[in-house]
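Here the structure is laid out as structure tokens; the discussion comes afterwards.
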Amino acid sequence: METVVKKNDLVEITIEDIGSDGEGIGKYQGYTLFVKDTTVGDRAIVKVIKTGKTYGFARLMELVKPSEYRVEPRCPIASKCGGCQLQHMDYAKQLEYKENKVRNCLTRIGGFCDIPMEPICGMEEPYYYRNKSQFPVGKRRDGGVAIGFYAGRTHSIIDTERCYIGAEVNTDILRFMRSFIEQYHIEPYEEETHQGLLRHILTRVGYRTGEVMVCLVVNGRDIPHKEELIKGLREIPGMKSICLNVNQSKTNVILGETIVPLWGESYITDYIGDIAYRISPLSFYQVNPVQTKKLYDIALLYADLHGDEVVWDLYCGIGTISLFLAQKAKMVYGVEIIPQAIEDAKRNAQINNIRNAEFFVGAAEEVLPAKYQEENIHADVIVVDPPRKGCAQSLLDTILKMAPKKVIYVSCDPATLARDLKYLCEKDYELTKVRAVDQFSHSVHVETIILLQRLEA
Ligand code: SAH
């Protein structure tokens, strides 16, 4: 089929949107082109590299007129690294883009008009916010050690000394680890040959407590020169836990199942609001604690609890939202599919002396319908926080039957959110509040929290 452009054509376009990997999207005579390294508002000459029936890909050749929203990325490897996609875009514009993404999904997929959107909740400091980082270790072409990040969609490591969205202490940790590896000839792991020892450096930092954990992922069960390793790492302020994670599998899954403690505690502690959480190397924990606190405060506000409500928190992870809401509810029940996460949730309830929270292991779409059928359970508020694919329809059907006054939906994918809301709002619910929250500045991801209220019969 003939397309308006063919391979190697040079055309001039204006970038009007951003794709899911942060690439610019523009149209030439109605034909859509995806162009890496461009941003909304750029006027550019691009070279077509691949064409399909309805869209194609092109490379940036010349910026005829740079977008007014373009900024110089702080990080020198921002355009190569797979971690950040939007660093070259002004932060205020990033927020506007994310808010629009949510609004568009709700309009186009959800069929909503008059969307009750509250202004997006952005970050005050959109750098150095992540409390967890995983740096792959490998060999450079010249034989030296490479520690850094994977280039977008590949496994080649870009050597770096600093990550501008990770905790600042990582820079000290990386500097020490680089000199340790070089001095004692620690062999970096090689994916192709499955040889070598050190695979990843995992760090976790308690944002409030300042506690630091370093966990080295090794293709073995031990590491040479442990004493020197521990001595050096202990000089880093806040160091609380040093351990190994054993991963001897030929896999690109980062962590194995076994932890070998080397020094200190096997966990660090951090707080969201007044609730303490124990975080071990394998635990799931929200990566942006400052924005998570804001997200949960919004959940609390939307739930409007007075002390006599029963809340179900589905997809509860380690019980973070459950415990937060338990401060104001009569009883909270959490459901989560991963057994270890439920163990963490129970222990977190204990260390905070929270007695009005109970947790169940299992798929939300199985546990809730079964409990409803067998025990006729009741809920005043149901919270869901599903993974990207959203909620199973059988779960939505049970929610409709249980008829809670309020449903709070926390979502990391506005498209599946819109699909599920459409289903609930065709029946007995009304969309009363929508708020996007930026949990991941410089990435294309956006978190949304919404409130549905049951229509009076
Ligand atoms: N609410 C938590 C975690 C949300 S992430 C927090 O705020 O920290 C989504 C969670 O859903 C993950 O912990 C994942 O393990 C869990 N999950 C995935 N599929 C599930 C299912 N079908 N039923 C219950 N939990 C599920």
Side-chain angles (χ1 to χ4, degrees), residues 121 129-132 204 206-207 253 255 270-273 275-280 282-303 311-327 329 332-349 352 354 357-372 379 381-399 407-414 416-417 419-420 435-440 445-450:
C121 175
Y129 61 85
R130 287 184 64 99
N131 57 13
K132 174 184 172 185
R204 302 189 89 148
Y207 200 87
V253 176
L255 293 170
D270 200 21
Y271 287 82
I272 299 178
I275 312 280
Y277 296 93
R278 250 186 212 185
I279 311 157
S280 62
L282 298 172
S283 321
F284 172 83
Y285 187 65
Q286 294 278 353
V287 298
N288 184 337
V290 174
Q291 291 300 98
T292 298
K293 164 78 167 57
K294 292 187 192 166
L295 180 72
Y296 292 178
D297 279 338
I298 299 169
L300 207 51
L301 194 72
Y302 285 2
V311 179
W312 280 78
D313 176 21
L314 309 176
Y315 310 87
C316 70
I318 58 165
T320 30
I321 299 180
S322 320
L323 299 182
F324 209 77
L325 296 185
Q327 302 174 100
V332 180
Y333 299 98
V335 182
E336 158 65 44
I337 204 160
I338 297 181
Q340 295 92 314
I342 287 292
E343 278 169 37
D344 285 347
K346 287 180 178 165
R347 208 196 34 225
N348 286 330
N352 290 287
I354 292 176
E358 200 179 321
F359 295 96
F360 304 100
V361 180
E365 63 275 20
E366 286 167 16
V367 173
L368 201 72
K371 291 232 173 259
Y372 180 64
V381 179
I382 293 184
V383 180
V384 297
D385 184 2
R388 304 200 70 146
K389 67 175 191 230
C391 296
Q393 195 166 316
S394 56
L395 174 65
L396 299 178
D397 285 330
T398 306
I399 294 177
V407 176
I408 295 172
Y409 196 134
V410 180
S411 158
C412 53
D413 185 335
T416 55
L417 169 71
R419 177 200 67 198
D420 292 350
R435 188 145 195 207
V437 178
D438 190 23
Q439 295 268 48
F440 306 104
H445 300 292
V446 57
E447 196 91 359
T448 314
I449 178 163
I450 68 92

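When a ligand or atom number is given, it counts from 1 through the structure's own listing order.
Glu365 OE1, 3.1 Å is the protein heavy atom nearest to atom 22 (N) of ligand 1. At the top of the distance list for atom 24 (C) of ligand 1, counting protein heavy atoms only, stands Ala364 N, 3.4 Å. The nearest heavy-atom contact from the protein to atom 15 (O) of ligand 1 is Glu336 OE2, 2.7 Å. Ranking protein heavy atoms by distance to atom 19 (N) of ligand 1, first place goes to Pro387 CG, 3.9 Å. Summary of contacts: the protein heavy atom closest to atom 11 (O) of ligand 1 is Tyr315 CB, 3.4 Å.
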Exercise for review: Before giving the answer on salt bridge (Lys or Arg N to Asp or Glu O under 4.0 Å), spell out for Asp344 and Arg347 the whole-Å C-alpha distance, their side-chain angles and the decisive distance to 0.1 Å.
Suggested key: CA-CA 5 Å; Asp344 285 347; Arg347 208 196 34 225; 3.4 Å; yes

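In this structure the side chain of Gln439 reaches within 4.5 angstrom of the side chain of Thr292, judged on heavy atoms. The shortest distance between side-chain heavy atoms of Tyr409 and Pro386 falls below 4.5 Å. Here the side chains of Asp313 and Leu325 are not in contact, with every heavy-atom distance at 4.5 Å or above. Using a 4.5 Å cut-off on side-chain heavy atoms (C-beta onward), Leu395 and Leu314 make contact.
Compare Ile337, Thr320, Leu395, Ile318 by their heavy atoms: the one nearest to atom 6 (C) of ligand 1 is in Thr320. Within the set Val287, Val410, Asp385, the minimum heavy-atom distance to atom 5 (S) of ligand 1 is found for Asp385.
Listed by number with element, the atoms of ligand 1 under 4.0 angstrom from any heavy atom of Ile321 are 1 (N), 7 (O). Heavy-atom proximity to Gly362, at under 4.0 Å, picks out these atoms of ligand 1: 23 (N), 24 (C). Each of the following atoms of ligand 1 lies closer than 4.0 Å to a heavy atom of Ile338: 15 (O).
Looking at Gln327, its side chain does come within 3.5 Å of a backbone N or O of Phe324 through a donor-acceptor pair. Judged by distance alone, the side chain of Asn288 and the main-chain N or O of Asn131 form no donor-acceptor pair under 3.5 Å.
Counting heavy atoms closer than 4.0 Å to ligand 1, residue Tyr285 contributes nothing at all. When non-hydrogen atoms are compared, ligand 1 lies under 4.0 Å from the side chain of Tyr296 (C-beta onward) but not from its backbone. By the criterion of a heavy-atom distance under 4.0 Å, the backbone of Cys316, and not its side chain, is placed next to ligand 1.
Considering Asp270, Thr320, Asn348, Asn352 as possible partners of Ile275, the one that fulfils the side-chain contact (heavy atoms from CB on, under 4.5 Å) test is Asn352.
A parallel orientation is assigned to the rings of Phe360 and Trp312, their planes being inclined by less than 30° (bins at 30° and 60°).
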